[in-house]
J.: 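Attaching a single structure in C-alpha cells format; questions to follow.
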There are 2 protein chains.
Amino acid sequence: MLIGDLAQKCGLSVDTLRYYEKIGLIPKPLRDRGGRRVYDQTILRWVDFLDRLKATGMGIKDRLRYADLRTRGAASLTERRQMLEEHRDKVRSDLERLTEMLDVLDDKIILYRKMEAGEAVDPSFENCARTEHGAQ
Amino acid sequence: MLIGDLAQKCGLSVDTLRYYEKIGLIPKPLRDRGGRRVYDQTILRWVDFLDRLKATGMGIKDRLRYADLRTRGAASLTERRQMLEEHRDKVRSDLERLTEMLDVLDDKIILYRKMEAGEAVDPSFENCARTEHGAQ
DNA sequence: GCTTGACCTGGAGCGCACTCCAACTTGTAG
DNA sequence: CTACAAGTTGGAGTGCGCTCCAGGTCAAGC
C-alpha cells in the first residue's frame with residue numbers, strides 16, 4: 001500500500017501522513033526500490049486510533065507521547081493504560097459539559113422562537129444566568 | 001467594572017478581552033476620563049455565552065458572525081436561531097462521537113489491564129476494528 | 001522512448017487563538 | 001509628593017496542526 005492509498009483509506013491527506021511521520025506519530029514505513037513508502041495493513045488501525053484520540057481532544061503532544069510509549073512495546077503497557085484512563089476521564093467531563101451546553105442551546109432556541117412569534121417574554125429571563133439573549 | 005475585574009470574573013485574560021474587542025467579538029465599552037474601559041454587568045452574560053459556544057467547538061469566525069448578528073438586534077433573531085440550531089446539531093453529533101469513543105477507551109483500558117495481568121488475550125482482538133493495541 | 005501521474009525532499013506559509021512586549025499614562029494609597 | 005499597580009496602544013511572537021510549493025525522481029501505459 002502506497003501513501004496515496006493509505007491517505008484515501010484513512011481520510012487524511014498525503015501531506016498530513018508525511019507530517020505525522022516526520023514528527024514521529026506514525027512509524028517510518030519500509031520503502032520500495034524507488035524510495036516510495038510502503039505501508040502494511042496494520043498502520044490503518046494505528047492511524048484510526050490516533051484519529052480517535054485527536055477527535056476526542058487529545059493534543060499532538062500527548063498523542064506523540066502515546067506513540068512513543070507504543071514503540072517501547074509491552075514494557076509501556078501500564079503507562080499507556082494510565083494515559084488512556086486520564087484521557088477517558090477528560091472525555092467524560094467534556095461529555096458532561098457538552099450535554100449541559102446542549103440544554104442551554106435548546107432553551108435559547110425555544111426562547112428565540114417565542115420572540116420571533118412576537119410573544120411577550122417573561123422579563124425574568126434577563127436574570128437567568130444561563131441565558132444571553134442579546135436583543136439589546 | 002474595569003477590564004481587570006471583568007477578566008477575573010469571566011476567567012479570561014485581560015489580553016484576551018482586548019483581543020476579543022479588537023476582532024469584534026465583544027462590543028466596545030465606554031471609557032472613563034482616563035481612557036480606561038468601563039464595563040457594565042451585561043457584558044458578563046455575553047462573554048459567558050461566547051465561552052460556551054467556544055467550549056462546544058464553535059470557531060472564532062462563527063462566533064464573530066453571531067456577534068455581528070447580535071449587534072443588529074431583534075431583526076437578526078431568525079438568523080441567530082438558525083445558527084444555534086445548526087450548532088446544536090453539530091454538538092449533538094459530537095456528543096455521539098464522544099460517547100462512542102468513550103466505549104472504545106473503556107474497552108482498551110480493560111484489555112490493557114488484562115495484558116498487564118499477564119492474561120492470554122484472545123488473538124481475535126487483532127482483528128477487532130475498534131482496537132489498536134500496539135504491543136508490536 | 002515518452003508522457004503522465006504519483007511519489008520524493010526540504011522548507012516556507014497559513015489560520016486560529018491567543019500571548020507577550022515596550023513604552024507610555026493614569027488613579028490611588030501611604 | 002511619590003511610588004506603584006493597573007490601565008493604554010500597536011505590533012511582534014507563539015504553538016498547534018497542518019498545507020502548499022518548487023524542483024526533482026520513478027514506474028507504468030501507450
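Convention: sequence-line order gives letters A, B, ...; per-chain numbering from 1. Every heavy atom of this structure was used, including side-chain atoms; hydrogens, water molecules and symmetry mates were not.
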J.: Write down the distance between CG (B:Leu17) and P (D:dA6), rounded to a whole number of angstrom.
T.: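 Those two atoms, CG and P, are 16 Å apart.
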J.: Does OP1 or OP2 of C:dC7 have a side-chain N or O of A:Arg37 closer than 4.0 Å?
T.: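 For A:Arg37, the contact criterion (side-chain N or O under 4.0 Å from OP1 or OP2 of C:dC7) is not met.
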J.: Please determine whether a side-chain nitrogen or oxygen atom of A:Arg36 lies at a distance below 4.0 Å from atom OP1 or OP2 of C:dT9.
T.: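 No.
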J.: Between B:Thr16 and C:dA17, does any side-chain N or O lie under 4.0 Å from OP1 or OP2?
T.: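 The answer is no; no side-chain N or O of B:Thr16 sits under 4.0 Å from OP1 or OP2.
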J.: Taking the basic N atoms (NZ, or NE/NH1/NH2) and the acidic carboxylate oxygens, is any pair closer than 4.0 Å for A:Glu96 and A:Arg92?
T.: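 Salt bridge between A:Glu96 and A:Arg92, a charged N being under 4.0 Å from a carboxylate O: no.
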J.: Strictly below 4.0 Å: does A:Arg63 bring a side-chain N or O up to OP1 or OP2 of D:dC16?
T.: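 It does not, given that no N or O in the side chain of A:Arg63 lies less than 4.0 Å from OP1 or OP2 of D:dC16.
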J.: Rounded to the nearest Å, what distance is computed from the CD atom of residue B:Glu21 to the C1' atom of nucleotide D:dT8?
T.: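 Taking CD of B:Glu21 and C1' of D:dT8, I get 11 Å after rounding.
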J.: Within the structure, does a side-chain N or O atom of B:Tyr19 lie under 4.0 Å from either OP1 or OP2 of C:dC20?
T.: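 Looking at the OP1 and OP2 atoms of C:dC20, neither is under 4.0 Å from any side-chain N or O of B:Tyr19.
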J.: Ignoring backbone atoms, test whether A:Arg18 places a side-chain nitrogen or oxygen under 4.0 Å from the OP1 or OP2 oxygen of C:dT9.
T.: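 Indeed not, no polar side-chain atom of A:Arg18 lies that close.
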J.: Could you check how far CE of B:Met58 sits from C1' of C:dA17, rounded to whole Å?
T.: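 My rounded result for the distance is 16 Å.
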J.: Could you tell me whether the phosphate oxygens of C:dC16, OP1 or OP2, come under 4.0 Å of any side-chain nitrogen or oxygen in B:Lys61?
T.: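 Answer yes for this pair, as a side-chain N or O of B:Lys61 is under 4.0 Å from OP1 or OP2.
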J.: I want to check something: taking the side chain as every heavy atom from C-beta on, are B:Tyr66 and B:Leu84 in contact at a cut-off of under 4.5 Å?
T.: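 Answer yes - side chains close enough.
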J.: Using atom CG of A:Leu50 as one end and atom P of D:dC16 as the other, report the distance to the nearest whole Å.
T.: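 Rounded to the whole Å, the gap is 17 Å.
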J.: Are the side chain of B:Arg80 and the backbone of B:Gly73 linked by a donor-acceptor contact shorter than 3.5 Å?
T.: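 Here the side-chain-to-backbone pair exists.
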J.: Tell me: NZ of B:Lys22 to C1' of D:dT9, nearest whole Å?
T.: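 Rounded to the whole Å, the gap is 10 Å.
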J.: Calculate the interatomic distance between B:Leu6 atom CG and D:dT8 atom P; express it in whole Å.
T.: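 In whole Å, D:dT8 P and B:Leu6 CG are 11 Å from each other.
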J.: Inspect the contact between B:Glu21 and B:Arg37 and indicate whether a charged nitrogen and a carboxylate oxygen are less than 4.0 angstrom apart.
T.: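 So B:Arg37 pairs with B:Glu21 through a salt bridge.
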J.: What distance separates A:Glu86 CD from A:Asp62 CG, expressed to the nearest 0.5 Å?
T.: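 Going from the CD atom of A:Glu86 to the CG atom of A:Asp62 covers 8.5 Å.
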J.: For DNA chain D, whose closest nucleotide is more 5', that of B:Gly35 or that of A:Lys54?
T.: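 The residue whose closest nucleotide sits nearer the 5' end is B:Gly35.
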J.: Can you identify which nucleotide, out of C:dC7, C:dC18, C:dC8, has its nearest atom closest to the A:Leu2 side chain?
T.: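 The answer is C:dC7.
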